[in-house]
Amino acid sequence: MNNIKFLKPVNEDCAWEVDRQDVDPVNNTTFIYNKNISLPLDEQRKRLPVYKYKKHVLFLIEKFQTMIIAGDTGCGKSTQIPQYLFEAGWCQNNLKIGVVEPRRFCATTLARRVADEQRCEIGTTVGYSIRFDNCHDPNATKIKYMTEGILVREMMADPLLCEYSVIILDEVHERNTLTDILMGLLKKILRKRKRLKLIVMSATADVVSLKNFFNNKRENLKSENTATVLCIEGKVYPIMIHYVNDPVPDYVTGVVDCICNIHKNELDGDILAFLTGSEEIDRAILQLKERLTENSNKYLSPMILPMYGALPNSEQLKVFRPTPKNMRKIIISTNIAETSITIFGIVYVVDCGFVKLRWFNSKIYADTLVVVPVSQASAEQRAGRAGRIKPGKVYRLYPEREFENLTLFTPPEMSRTDLSAAVLQLKALGIDNVLRFTFPLPPPAENLLLALELLNAIEAIDDKGYLTKPLGTTMVEFPLSPLHSKTLISSSEFGCSDEISTILAMLQVDNVFVKPSSGANSIKARIEKRKFEVEEGDLITLLNVFTAFEKNSNNAKSWCIQHFINFKALRRAHEIKSQMLKLMERFNIPLISCDGNAENVCRCITSGFFPNAVYLHYSGVYKTVRGGEDLYIHPSSVLYNVAQPQWLLYCELIHTNKLYMRDITVIKSSWLEELGKKFYHKAT
DNA sequence: GAGCACTGC
């Protein structure tokens with residue numbers, strides 16, 4: 001295909017080039033451990049813990065409209081229960097079973113596994129549907145795995161989900177915003193369609209509150225319960241939990257100390273340690289490499305591995321390979337290993353007791369990342385990673401008395417993040433009064449009101465709270481956040497919809513610029529990036545990258561390597577842009593190019609992102625136009641090293657030691673007066 | 001001078 005065969009894997013500077021696309025998703029089973037792999041499929045199915053509960057499941061689903069199933073990952077519930085229902089006739093009369101997963105990876109791998117067990121081709125009786133990848137047959141598919149966003153989209157077209165006899169919500173304990181929206185909507189649908197059944201599956205969540213939420217039995221009436229709980233006991237080994245006597249001053253060093261002790265004194269078994277971010281993980285690994293030598297343990301050599309989402313796929317896969325003989329894997333991970341992935345062979349868990357979460361800051365109307373103590377449920381989930389193959393040990397880096405002070409559950413995402421997209425979605429689904437919507441856990445009213453205020457300012461909803469036509473109703477159709485979709489829809493008026501659709505696609509992918517860690521190449525990468533940089537800011541810079549990428553599409557991969565651009569990110573941006581173009585055509589938004597007139601593009605960006613405006617205060621820091629909060633230019637911005645412009649718009653805020661603006665565009669204050677008039681006349 | 005995890009007909 002192209003000329004990259006001269007690159008050697010040993011050349012560290014090219015390591016980034018190996019990435020997810022090289023992993024064959026069909027044959028990649030490293031993520032899922034199956035100890036019965038040598039048995040025939042039917043035999044494997046019968047050995048799963050859930051098999052003993054087959055009759056219970058089928059009995060309870062007849063009797064109750066909603067069933068809450070609690071069971072650990074690995075008990076087989078996500079693959080088996082849909083098949084039990086299918087085999088018991090729940091797909092007669094052309095009805096389907098819908099299984100809703102929080103991640104694309106789960107939806108596709110589970111569907112493929114179930115298709116194998118049903119001995120059918122994927123996309124026939126068993127299929128899946130995720131964004132950019134439809135693999136199901138509307139007439140033949142009976143068991144359909146999908147992501148949460150897909151079901152929300154289906155509800156917009158078919159509000160009572162008439163195609164389905166059963167909906168299964170999986171991994172509900174993660175409590176994503178979409179999970180909560182779906183639960184609220186399904187509660188309504190269940191009232192209207194008595195024959196629809198709902199199964200809610202969860203690993204740790206508090207099943208009692210879920211049961212109460214779905215129970216339609218009215219107080220003081222003799223009517224029967226409509227919801228029930230089934231607990232599936234998986235096979236777990238006992239876990240011994242250790243606490244420290246006194247709080248540790250620095251949990252990174254604490255984790256390192258603890259790992260060294262385990263490695264020196266404990267028998268074989270891999271170690272999994274939780275920290276909050278990649279920076280901490282890299283720091284811990286440096287310390288460990290200094291302190292652990294081949295001689296630290298007579299029998300086992302340490303094999304120290306990082307694990308976090310931004311890590312290249314080739315690096316992530318190392319964590320799943322079986323531990324070589326006479327070695328001990330020591331994995332230092334973010335929260336990704338708490339729920340999203342399962343690593344086999346863990347016997348020791350070290351928990352720093354903290355997690356990094358998105359948190360809505362109402363002063364600046366933005367989500368920020370904060371490090372907070374974990375919840376009890378989260379601590380238990382982390383601990384549970386130790387007892388999968390034999391009795392395990394867990395080390396918590398806080399005193400035992402602190403455990404009781406932890407909150408029981410991590411607040412659902414809805415209660416702690418920006419709600420503007422969720423509110424817009426609900427409005428489109430016919431929920432006019434979002435303040436009275438039955439959320440599984442109502443988010444703070446202030447956050448809902450701020451979301452409504454923002455949507456009104458960008459004219460997605462009118463003063464009475466109804467979706468505007470055509471702007472608001474069209475915005476919902478795009479898989480973009482409200483400010484982004486507003487920008488896109490107004491882009492044809494500014495004569496630059498081609499450029500804006502590119503920029504918005506580029507904003508949705510991360511790590512466009514490759515940053516090698518070693519000296520010479522990091523300077524080269526810096527020089528290459530300069531070639532794309534322009535004084536208008538980061539967004540026009542991204543536009544330049546994409547335009548150059550498309551011009552070189554016949555040798556895209558080698559072009560990316562040459563210019564230190566992330567090929568995978570650009571390919572995904574291309575994919576997202578094509579989806580946007582299709583939607584734009586459908587909603588009659590003409591594709592117009594401004595042929596290099598950057599001012600048009602910047603004015604258009606202002607028309608959508610005006611709520612995120614800042615000005616340069618005489619003290620030398622930027623302040624938000626409404627709240628007057630201090631913000632700083634992120635070092636990754638092209639504007640970091642130039643004279644500070646007077647007015648800026650940002651697309652994203654990162655809260656670390658300061659509040660940093662990312663993806664910045666230079667604007668004029670007169671544009672704000674013109675394009676964000678309604679919003680700013682109150683503020684100024 | 002810096003980066004939780006997911007996701008979208």
Side-chain angles (χ1 to χ4, degrees), chain A residues 100-107 129-134 136 138 146-158 171 174-179 181-182 274-283 306-311 316 333-341 352 354-359 367-372 374 378 381 410 413 416-417 421-422 424-425 428 475-482 484-485 504-505 508-513 515 517 522 526 572 575-576 579-580 582-583 586-587 632-637 639-641 652-662:
Chain A
V100 186
E101 298 292 329
R103 280 173 296 285
R104 296 157 59 92
F105 181 78
C106 298
S129 176
I130 59 176
R131 188 186 185 187
F132 302 128
D133 191 1
N134 256 315
H136 67 103
M146 65 194 112
T147 40
E148 294 172 330
I150 301 281
L151 190 65
V152 173
R153 294 284 158 184
E154 288 192 6
M155 277 182 184
M156 286 166 66
D158 175 13
E171 313 270 14
E174 292 186 22
R175 295 297 289 270
N176 300 326
T177 294
L178 283 175
T179 321
I181 288 181
L182 283 174
F274 287 98
L275 285 171
T276 74
S278 56
E279 189 262 344
E280 285 174 9
I281 290 170
D282 294 340
R283 193 147 52 95
M307 181 71 207
Y308 47 84
L311 210 60
Q316 288 188 350
S333 172
T334 61
N335 227 26
I336 192 171
E338 185 184 307
T339 49
S340 307
I341 59 160
C352 76
F354 290 89
V355 64
K356 200 176 282 184
L357 286 180
R358 253 165 67 189
W359 213 279
D367 288 339
T368 53
L369 290 171
V370 288
V371 174
V372 292
V374 293
S378 200
Q381 182 81 12
T410 308
E413 197 186 8
R416 53 182 171 83
T417 56
L424 194 66
Q425 194 74 259
M475 276 173 67
V476 191
E477 300 291 338
F478 286 88
L480 297 169
S481 75
H484 290 228
S485 49
L504 294 174
Q508 288 194 58
V509 301
D510 28 44
N511 310 324
V512 167
F513 298 100
K515 271 164 268 169
S517 47
S522 68
R526 187 81 204 98
R572 185 164 165 84
E575 202 172 33
I576 292 172
Q579 191 195 18
M580 263 193 254
K582 274 187 210 152
L583 287 165
R586 169 121 65 96
F587 294 98
Y632 299 85
I633 294 176
H634 194 277
S636 67
S637 170
L639 298 172
Y640 186 76
N641 286 318
E652 198 188 9
L653 284 182
I654 302 278
H655 195 177
T656 48
N657 44 8
K658 281 183 196 167
L659 271 167
Y660 287 109
M661 302 178 276
R662 280 214 299 211

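Numbers restart at 1 for each chain; the letters A, B, ... are given by sequence-line order, proteins then strands. Small disclaimer: the values here were computed from a predicted structure and weren't measured.
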Novice: Name the closest nucleotide to the I130(A) side chain, picking from dG8(B), dG1(B), dC4(B).
Specialist: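 That would be dG8(B).
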Novice: Which residues pass the side-chain contact (heavy atoms from CB on, under 4.5 Å) test with T334(A), sequence neighbours left out?
Specialist: I281(A), Y308(A), I336(A)
Novice: What's the NZ-P distance between K658(A) and dG3(B), to the nearest Å?
Specialist: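 For the pair K658(A) NZ and dG3(B) P, the rounded distance is 11 Å.
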Novice: Sequence neighbours excluded, which residues qualify as salt bridge (charged side-chain N to carboxylate O under 4.0 Å, His left out) partners of E652(A)?
Specialist: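 Here the qualifying residues are R662(A).
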Novice: Report the relative orientation of the aromatic rings in F587(A) and F478(A); use parallel for angles under 30°, tilted for 30 to 60°, perpendicular for over 60°.
Specialist: tilted
Novice: Just the rounded figure in Å: distance from P of dC4(B) to CH2 of W359(A).
Specialist: 17 Å
Novice: Compare side-chain N and O positions of Q579(A) against OP1 and OP2 of dC9(B) and report whether any pair is under 4.0 Å apart.
Specialist: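 So the side-chain polar atoms of Q579(A) do come within 4.0 Å of the phosphate oxygens OP1 or OP2 of dC9(B), strictly under.
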Novice: Suppose we call a contact any N or O donor and acceptor under 3.5 Å apart; does that hold for the side chain of R175(A) and the base of dC6(B)?
Specialist: no
Novice: Which one, dA5(B), dG8(B), dG3(B), comes nearest to the side chain of Y308(A)?
Specialist: dA5(B)
Novice: I want to verify a distance call: between dG1(B), dG3(B), dG8(B), whose nearest atom is closest to the H634(A) side chain?
Specialist: dG3(B)
Novice: If you check the S278(A) side chain, which of dG1(B), dG8(B), dC4(B) turns out closest?
Specialist: dC4(B)
Novice: Tell me the interatomic distance from K582(A), atom NZ, to dC9(B), atom C1', rounded to whole angstroms.
Specialist: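 Going from K582(A) (NZ) to dC9(B) (C1'), I get 10 Å.
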Novice: I want to verify a distance call: between dC9(B), dG3(B), dG8(B), whose nearest atom is closest to the R104(A) side chain?
Specialist: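 Minimum distance to the R104(A) side chain belongs to dG8(B).
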Novice: Looking at E174(A) and R103(A), is any side-chain nitrogen of the basic one under 4.0 Å from a carboxylate oxygen of the acidic one?
Specialist: yes
Novice: Whole angstrom is fine here: how far is it from CD1 in I150(A) over to P in dG8(B)?
Specialist: 6 Å
Novice: Is E477(A) side chain donor-acceptor paired with the dC9(B) base, going by distance under 3.5 Å alone?
Specialist: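 Answer yes: a donor N or O sits under 3.5 Å from an acceptor.
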Novice: Rounded to whole Å, how long is the line connecting atom CD1 of I181(A) with atom P of dT7(B)?
Specialist: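 Nearest whole value for this atom pair: 17 Å.
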Novice: Could you check which of dG3(B), dA5(B), dG8(B) has an atom nearest any side-chain atom of E413(A)?
Specialist: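 In terms of side-chain proximity for E413(A), the closest of dG3(B), dA5(B), dG8(B) is dA5(B).
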Novice: Select one nucleotide: of dG1(B), dC9(B), dA5(B), the one nearest the side-chain heavy atoms of T334(A).
Specialist: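 Side chain of T334(A) sits closest to dA5(B).
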Novice: Please report, rounded to the nearest Å, how far the P atom of dC6(B) is from the CZ atom of F105(A).
Specialist: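 Value for this atom pair: 11 Å.
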Novice: Under 4.5 Å between any side-chain heavy atoms of V374(A) and T410(A), yes or no?
Specialist: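 Not touching, per the 4.5 Å side-chain cut-off.
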Novice: How long is the line joining CD of E279(A) and P of dG1(B), in whole Å?
Specialist: 15 Å
Novice: State which of dG1(B), dC4(B), dC6(B) makes the closest approach to the side chain of I336(A).
Specialist: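 My answer, after comparing the listed nucleotides, is dC6(B).
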Novice: Reckon R662(A) touches a base, only the sugar-phosphate, or nothing at all at heavy-atom distances under 4.0 Å?
Specialist: nothing
Novice: Among dG8(B), dA2(B), dG3(B), which nucleotide has an atom closest to any side-chain atom of S636(A)?
Specialist: dA2(B)
Novice: Please pick, from dG8(B), dT7(B), dC4(B), the nucleotide with the shortest atom-to-atom distance to any side-chain atom of R103(A).
Specialist: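 Closest nucleotide to the R103(A) side chain: dT7(B).
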